[in-house]
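Written below as C-alpha cells is the structure these notes are about.
What you see is a predicted model, and the numbers here were worked out from it, not measured in a lab.
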Amino acid sequence: QVQLAESGGGLVQVGGSLTLSCVASGGTFSDYAMGWFRQAPGKEREFVAAIRWNGATEYNVDSVKGRFTISRNNAKNTVNLQMDNLKPDDTGVYYCAAAGLWSVEVQGYHTWGQGTLVTVSS
C-alpha cells in the first residue's frame, strides 16, 4: 500500500512562488495517477492538478491554469506542484493523492497524504 508525505508549504506573499513536494513509499509509483487537491477553510476539497504515469497532465483550469505546474519523477517516487503568481484565494491545505485509475475527482483517489498548509498573504 502506497503512503504519501507532502512538504513545502508555508507563508508567501501575493505574487510569490512555492514548490510543494510529495514523496511516495510502498507500492509501484508508476502504477498510480497522482493528484494535488486543496481545501480552503470552510470549503470543500477541490481538484488542483493531476498527472498520469507518462506525464500527461490536467488542471483545474478556472483556478490555476497557467500558474501551477505539476510534474513527477517515477525514478524518485515524487510528484511536485510548482505554484507561481500566488493569490490569496490559493490559501489552504494542499493534499497529494494517488489513484489506481485516472480521475480528477476527490472520490477517485484512494490514498492521501497528511496535507501541507499554504498561506498567501496580501
Side-chain angles (χ1 to χ4, degrees):
Q1 182 72 15
V2 65
Q3 294 181 318
L4 305 173
E6 305 96 334
S7 62
L11 176 64
V12 63
Q13 292 187 333
V14 169
S17 297
L18 278 176
T19 300
L20 305 183
S21 296
C22 174
V23 178
S25 58
T28 302
F29 183 68
S30 59
D31 284 349
Y32 302 108
M34 299 298 298
W36 283 98
F37 293 78
R38 68 186 181 188
Q39 189 164 17
K43 294 187 178 181
E44 294 186 351
R45 193 168 300 187
E46 69 169 357
F47 168 72
V48 173
I51 187 166
R52 297 179 188 265
W53 69 273
N54 61 359
T57 59
E58 187 165 343
Y59 295 90
N60 182 330
V61 174
D62 291 341
S63 297
V64 306
K65 183 69 172 178
R67 300 188 298 121
F68 290 12
T69 303
I70 188 172
S71 62
R72 68 188 292 165
N73 185 323
N74 289 334
K76 295 184 178 180
N77 290 357
T78 58
V79 57
N80 289 346
L81 185 69
Q82 173 68 39
M83 306 187 295
D84 298 317
N85 190 21
L86 284 161
K87 304 176 181 180
D89 284 350
D90 295 318
T91 294
V93 178
Y94 282 70
Y95 297 90
C96 171
L101 297 174
W102 179 252
S103 178
V104 298
E105 304 291 338
V106 171
Q107 300 90 329
Y109 286 76
H110 53 71
T111 301
W112 295 81
Q114 81 286 353
T116 186
L117 178 63
V118 172
T119 303
V120 184
S121 68
S122 55

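- A side-chain contact (heavy atoms from CB on, under 4.5 Å) with Cys96 is found for exactly one of Leu20, Val79, Thr78, Thr116, namely Val79.
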Quick one: do Leu4 and Met34 satisfy side-chain contact (heavy atoms from CB on, under 4.5 Å)? Show the steps, please.
-> CA-CA 10 Å; Leu4 305 173; Met34 299 298 298; 3.9 Å; yes
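- Both cation-pi conditions hold for Arg72 and Phe29: the charged atom is under 6.0 angstrom from the six-membered ring centre and inside a 45 degree cone around its axis.
- With rounding to the nearest 0.5 Å, the separation of CD in Gln39 from OH in Tyr94 is 12.0 Å.
- Here Thr69 contributes atom OG1 and Asp84 contributes atom CG; the two are 6.5 Å apart, rounded to the nearest 0.5 Å.
- The shortest heavy-atom contact between Ala50 and Ser103 is CB-O, 4.2 Å.
- Put simply, CG on Leu117 and OG1 on Thr91 are 8.0 Å apart, with the number rounded to the nearest 0.5 Å.
- For the residue pair Ser21 and Asn80, a side-chain donor N or O sits within less than 3.5 Å of a side-chain acceptor on the partner.
- For Arg52, the side-chain contact (heavy atoms from CB on, under 4.5 Å) partners two or more places apart in sequence, or in a different chain, are Asn54, Ala56, Trp102.
- Put simply, the side chain of Asp90 does not reach to within 4.5 Å of the side chain of Met83, judged on heavy atoms.
- Residues Gly35 and Tyr109 come closest through the heavy atom pair N-CE2, 3.6 Å.
- Taking 4.5 Å as the limit, every side-chain heavy atom of Val14 sits out of range of all side-chain heavy atoms of Ser121.
- Residues Gln82 and Thr19 bring a donor and an acceptor atom of their side chains to less than 3.5 Å of each other.
- More than 12 heavy atoms of other shown residues, nucleotides or ligands fall within 6.0 angstrom of atom CH2 in Trp112.
- Applying the ring pair (Phe, Tyr, Trp, His ring centres under 6.0 Å) test to Phe47 and every residue at least two apart in sequence or in another chain returns Phe37.
- Hydrophobic clustering, with ILVMFWY side chains joined whenever heavy atoms are under 4.5 angstrom apart, keeps Leu11 apart from Val118.
- Between Phe68 and Leu86 there is a side-chain heavy-atom pair separated by less than 4.5 Å.
- The line from CZ of Arg38 to OG of Ser63 is 5.0 Å long, rounded to the nearest 0.5 Å.
- No option in Val48, Ile70, Val104 other than Ile70 meets the side-chain contact (heavy atoms from CB on, under 4.5 Å) test with Tyr59.
- Formation of a donor-acceptor pair under 3.5 Å by the Thr28 side chain with backbone atoms of Ser30 is not found in this model.
- Note that CD1 of Ile51 is 6.0 Å distant from OG of Ser71, once rounded to the nearest 0.5 Å.
- Both tests pass for Arg45 against the ring of Tyr95: distance under 6.0 Å to the centre and angle within 45° of the axis.
- Contacts of Ser25 classified as side-chain contact (heavy atoms from CB on, under 4.5 Å), with partners at least two apart in sequence or in another chain: Gln3.
- Here Glu6 contributes atom CD and Leu81 contributes atom CG; the two are 11.0 Å apart, rounded to the nearest 0.5 Å.
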